[in-house]
Amino acid sequence: LDEGGRKAAHVKWDGKTIALGTFCAAEAAEKCEKAKALTKEWRATMVPKPDVKWVKQALERLNIRVVNDRPGRRKKEQVIKERE
């Protein structure tokens, strides 16, 4: 919870934390509840289980996740290649 009464919302999938965005406290709680309900349903019904990228994109399509991957993020392998 930060100073403006805003709160970061997250949901877990396959051992990873997916950021949903930063919202006012009430909206953050609502987004978390929706995301948790959806991910619980997906876990129970989808075979094979979708990967993290699919879950992020699905939550974005449903306007539950409103953050994008930061442009500065790179995989460890990319950083190593760039150093060579």
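We number each residue from 1, following the sequence as shown. In what follows, every heavy atom counts, from backbone to side chain, and hydrogens, waters and symmetry copies are set aside.
- Under the side chain to side chain contact (heavy atoms under 4.5 Å, CB included) criterion, A29 pairs with no residue, sequence neighbours left out.
- The distance from atom CZ of F23 to atom NZ of K7, rounded to the nearest 0.5 Å, is 12.0 Å.
- Taken from CD in E30 to CG in L20, the straight-line distance is 12.0 Å, to the nearest 0.5 Å.
- Distance CE/M46 to OG1/T39: 12.0 Å, rounded to 0.5 Å.
- At least one cation-pi condition fails for K56 and W13: the charged atom is not both under 6.0 angstrom from the six-membered ring centre and inside a 45 degree cone around its axis.
- Minimum interatomic distance between A28 and A9 (heavy atoms only, all atoms of both residues): O-CB, 4.1 Å.
- Considering every non-hydrogen atom in both C32 and H10, the closest pair reads SG-O, 3.7 Å.
- R43 and K12 get closest at one heavy-atom pair: NH2-O, 2.8 Å.
- In this structure, CZ on R61 lies 11.0 Å from CG on N63, to the nearest 0.5 angstrom.
- Applying side chain to side chain contact (heavy atoms under 4.5 Å, CB included) to V11 and the options K34, K36, K31 leaves one that passes, K36.
- With rounding to the nearest 0.5 angstrom, the CZ atom of R65 is 7.0 Å from the CD1 atom of I18.
- Of the inter-residue distances, the one linking K40 atom NZ with T45 atom OG1 reads 12.5 Å to the nearest 0.5 angstrom.
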